[in-house]
Amino acid sequence: MAMDSSETRRIFQALETFRIEVPSWGFANTGTRFGKFLQPAAASTTEEKFSDAAEVHRATGICPTIALHVLWDFPKGLASAKEITALTTRYGIQAGSINPNVFQDQIYKFGSFGNPDASVRAHALQHTKDSIEIARHLHSRDISMWFADGSSYPGTANIRQRKAWFEDGLKEVHSHLSAEQRLLVEYKPFEPAFYHTDIADWGMALHLARSAGPQGKVLVDTGHHYHSQNIEQVVAWLLSEQMLGGFHFNDRRYADDDLTIGSIDPYQVFRIFHEILYYEWETKRKADIAYMIDQSHNLKGKIEETIQTVTMAQQLFAKAALVDHQALAHAQNRCDLIPAESLLQDAFNTDVRPAIQDWRVSKGLPRDPLKAFLESGYLERITKERGVRNSHSVSSYA
Ligand code: RM4
Ligand code: MN
Ligand code: MN
């Protein structure tokens with residue numbers, strides 16, 4: 001469908017505020033549990049991750065922050081924060097969400113906040129408090145918690161007791177937040193625990209975020225749902241409860257596949273954005289949501305896939321901005337099904353790419369971010385510089 005000038009205006013307006021955070025681990029060598037195929041251009045230091053993130057931001061103009069994983073990016077804990085601050089200045093990229101890691105250490109075999117061993121629980125709490133301190137140093141607002149806690153066999157865990165430990169633990173770490181910080185609670189129904197996970201769905205995350213305190217919010221990772229679950233409904237409910245803190249975007253076909261946004265089901269991401277924009281129109285209130293990417297780039301080039309992801313997210317957001325809310329509200333009230341549905345479908349089917357390209361040019365950004373990146377020479381340079389070292393490096397998750 002062709003666009004008129006009011007549609008172009010709507011897109012320009014929507015793009016002014018749309019920002020999305022890239023994950024530091026998206027630039028590192030990652031893989032599946034069956035193997036990792038190393039890429040010569042992969043980042044293996046935090047500095048290289050910042051440098052790659054800066055290229056993504058240079059090409060797209062909408063990725064000013066990078067999500068950091070405490071275990072992978074702060075090898076010396078709080079003592080590493082100074083070096084990270086120096087990187088933020090050097091590369092013009094700010095530290096985004098801080099992700100504590102309470103799942104990789106050997107002590108976490110039977111859980112972290114829900115571990116029956118009080119000393120392990122204390123260790124996990126301490127790590128989280130240290131992460132909050134790191135975030136404070138970096139002026140990061142969001143502490144993003146994902147737990148591998150759960151059990152793999154029926155009868156092996158006291159589910160109610162573990163829930164109580166989670167309530168206590170999250171309450172305690174919440175009390176260490178500064179006034180402007182937030183505690184985001186992520187949920188996931190399976191993996192690595194295969195019988196029960198302690199925070200399996202959005203209802204459990206909502207309960208725990210609420211009981212933690214007023215700065216607790218829910219984080220929706222699009223890959224962390226059962227098949228055919230209506231994620232945009234979850235989003236609508238969390239918005240109406242003012243409990244939606246942020247997203248980890250990725251796409252999936254089977255499980256937590258961590259595929260490129262929109263590669264399998266772009267309409268789903270569009271519907272999520274639509275619920276958010278519809279809420280904002282109705283309430284006249286900007287939803288305070290951290291848009292973040294949580295993908296592992298195992299097969300495609302990492303910086304290229306990140307740019308592909310960001311431009312796809314931007315496109316789907318622009319399409320969602322085209323929905324005529326007034327007309328939709330009217331059609332919904334009258335139960336005019338086909339007009340109501342068509343308002344979404346027409347917006348989704350509009351080719352917004354020319355308007356986005358014009359917006360980029362108006363901002364002094366490259367019209368085609370991926371092309372600009374590929375022509376910059378950066379990829380050839382890092383492939384050469386990092387290639388030798390990466391070819392005999394031991395692969396790790398990030
Ligand atoms: C989980 C979840 C978390 C991520 C870990 C590594 O599945 O998505 O957000 O930090 O993976
Ligand atoms: Mn995630
Ligand atoms: Mn995941």
Side-chain angles (χ1 to χ4, degrees), residues 1-20 60-62 220 222-223 225 227-236 239 247 249-253 257 259-282 287 289 291 293 295 305-363 365-371:
M1 287 184 68
M3 266 185 313
D4 60 34
S5 61
S6 81
E7 287 181 316
T8 307
R9 240 194 337 269
R10 288 241 287 281
I11 291 179
F12 270 49
Q13 208 186 337
L15 297 184
E16 282 310 313
T17 55
F18 184 71
R19 298 291 177 272
I20 190 159
T60 63
I62 60 168
V220 175
T222 48
H225 299 87
H227 275 281
S228 85
Q229 186 162 354
N230 186 333
I231 302 175
E232 61 270 26
Q233 182 182 10
V234 171
V235 168
L239 281 167
F247 284 94
F249 280 115
N250 51 63
D251 212 342
R252 56 81 76 88
R253 178 71 184 84
D257 306 340
L259 299 180
T260 323
I261 290 179
S263 57
I264 304 290
D265 188 358
Y267 194 38
Q268 172 164 85
V269 184
F270 167 88
R271 294 191 307 263
I272 290 172
F273 284 145
H274 162 65
E275 284 304 331
I276 295 166
L277 294 175
Y278 196 27
Y279 163 90
E280 290 187 343
W281 172 79
E282 221 165 49
I289 301 169
Y291 295 121
I293 298 163
Q295 290 176 181
E305 184 174 353
T306 308
I307 293 173
Q308 184 191 24
T309 298
V310 168
T311 54
M312 177 55 80
Q314 187 180 37
Q315 236 180 81
L316 294 167
F317 191 79
K319 282 171 186 275
L322 290 182
V323 174
D324 183 337
H325 298 129
Q326 190 78 60
L328 182 68
H330 189 66
Q332 288 179 344
N333 276 334
R334 295 162 53 106
C335 296
D336 264 344
L337 307 190
I338 294 177
E341 187 187 19
S342 300
L343 282 163
L344 265 67
Q345 290 178 334
D346 288 346
F348 181 67
N349 287 321
T350 306
D351 185 3
V352 295
R353 289 171 300 181
I356 297 178
Q357 287 166 359
D358 289 349
W359 178 79
R360 287 185 189 131
V361 172
S362 80
K363 296 284 160 192
L365 293 164
R367 182 177 284 277
D368 180 341
L370 187 56
K371 186 161 169 276

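Numbers here simply count residues along the sequence, with the first being 1.
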Notebook entry, point to check: Hey, what do you get for CD1 (Ile289) to CD1 (Ile276), rounding to the nearest 0.5 Å?
Noted result: 4.0 Å
Notebook entry, point to check: What is the distance from atom CG of Asn230 to atom CD of Gln233, rounded to the nearest 0.5 Å?
Noted result: 5.0 Å
Checklist line | For the student: nearest non-hydrogen atoms of Ala355 and Ile11, plus distance | finding: CB-CD1, 3.9 Å
Checklist line | Counterpart residues, ring-ring contact (aromatic ring centres under 6.0 Å, His included), relative to Phe270 (two or more places apart) | finding: Tyr267, Phe348
Check: Just wondering, do Val235 and Phe247 contact through their side chains at under 4.5 Å, heavy atoms?
Finding: yes
Margin query: Looking at every heavy atom in both Leu365 and Thr60, which two are closest together, and how far apart are they?
Written below: CD1-O, 3.5 Å
Item checked: Set of salt bridge (Lys or Arg N to Asp or Glu O under 4.0 Å) partners for Arg9, sequence neighbours left out -> none
Margin query: Once rounded to the nearest 0.5 Å, what's the spacing between atom CG of Asp324 and atom CG of Leu344?
Written below: 11.0 Å
Item checked: Flag, side chain of Asp265 to backbone of Asp251, donor-acceptor distance under 3.5 Å -> no
Check: Partners of Glu275 by salt bridge (Lys or Arg N to Asp or Glu O under 4.0 Å), sequence neighbours excluded?
Finding: none
Next item on the list: Apply side-chain contact (heavy atoms from CB on, under 4.5 Å) to Ser228 and list each qualifying residue two or more places apart in sequence or on a separate chain.
Entry: none
Notebook entry, point to check: Does any pair with a residue in residues 327-336 pass salt bridge (charged side-chain N to carboxylate O under 4.0 Å, His left out), and if so which ones, sequence neighbours excluded?
Noted result: Arg334-Asp336
Notebook entry, point to check: In chain order, what residues pass the ring-ring contact (aromatic ring centres under 6.0 Å, His included) check against His330, with sequence neighbours excluded?
Noted result: none
Notebook entry, point to check: Donor-acceptor pair, Arg367 side chain versus Gln357 backbone, under 3.5 Å?
Noted result: no
Checklist line | Nearest-0.5 Å distance, CG of residue Leu259 to CG of residue Asn250 | finding: 8.0 Å
Checklist line | Phe273 and Tyr291 aromatic centres sub-6.0 Å | finding: yes
Check: Residues two or more places apart in sequence or in another chain: which of them pass side-chain contact (heavy atoms from CB on, under 4.5 Å) with Thr260?
Finding: Ser263, Gln295, Lys300, Glu305, Gln308, Thr309
Next item on the list: Check for a donor-acceptor pair, side chain of Glu341 on one end and backbone N or O of Ile338 on the other, with a separation under 3.5 Å.
Entry: no
Check: Which pairs count as side chain to side chain donor-acceptor pair (under 3.5 Å) when at least one residue sits in residues 310-323, sequence neighbours excluded?
Finding: Gln314-Arg360
Next item on the list: Answer whether the closest heavy-atom distance between the side chains of Val323 and Tyr278 falls below 4.5 Å.
Entry: no
Notebook entry, point to check: Do Leu239 and Glu282 touch side chain to side chain, with heavy atoms closer than 4.5 Å?
Noted result: no
Next item on the list: For Glu280, enumerate each residue passing the salt bridge (Lys or Arg N to Asp or Glu O under 4.0 Å) test, keeping only those at least two apart in sequence or located in another chain.
Entry: Lys286
Note to self: Could you report the tightest heavy-atom contact between Thr222 and His225, atom names first, then the distance?
What the structure shows: O-ND1, 3.2 Å
Checklist line | Contacts of Glu232 that satisfy side chain to side chain donor-acceptor pair (under 3.5 Å) - sequence neighbours left out | finding: Arg271
Check: Considering all heavy atoms of both residues, which atom of Pro369 and which atom of Ile307 are nearest to each other, and what is their separation?
Finding: CB-CG2, 3.8 Å
Checklist line | Least distance between heavy atoms, Gln268 atom then Gln229 atom | finding: NE2-O, 4.3 Å
Item checked: side-chain contact (heavy atoms from CB on, under 4.5 Å) partners of Ala313, counting only residues at least two apart -> Phe18, Ile20, Ile261
Next item on the list: Only counting residues at least two apart or in another chain, list the ones meeting salt bridge (Lys or Arg N to Asp or Glu O under 4.0 Å) with Asp257.
Entry: none
Notebook entry, point to check: Do Leu15 and Ile356 have side-chain heavy atoms sitting under 4.5 Å apart?
Noted result: yes
Checklist line | Spatial distance of atom CG (Leu322) from atom CG (Leu277) [nearest 0.5 Å] | finding: 10.0 Å
Next item on the list: Check the surroundings of atom CD in Gln13: do more than 12 heavy atoms from other residues, nucleotides or ligands lie under 6.0 Å from it?
Entry: no
Next item on the list: Give a yes-or-no answer on whether the side chains of Gln326 and Trp281 include a donor-acceptor pair shorter than 3.5 Å.
Entry: no
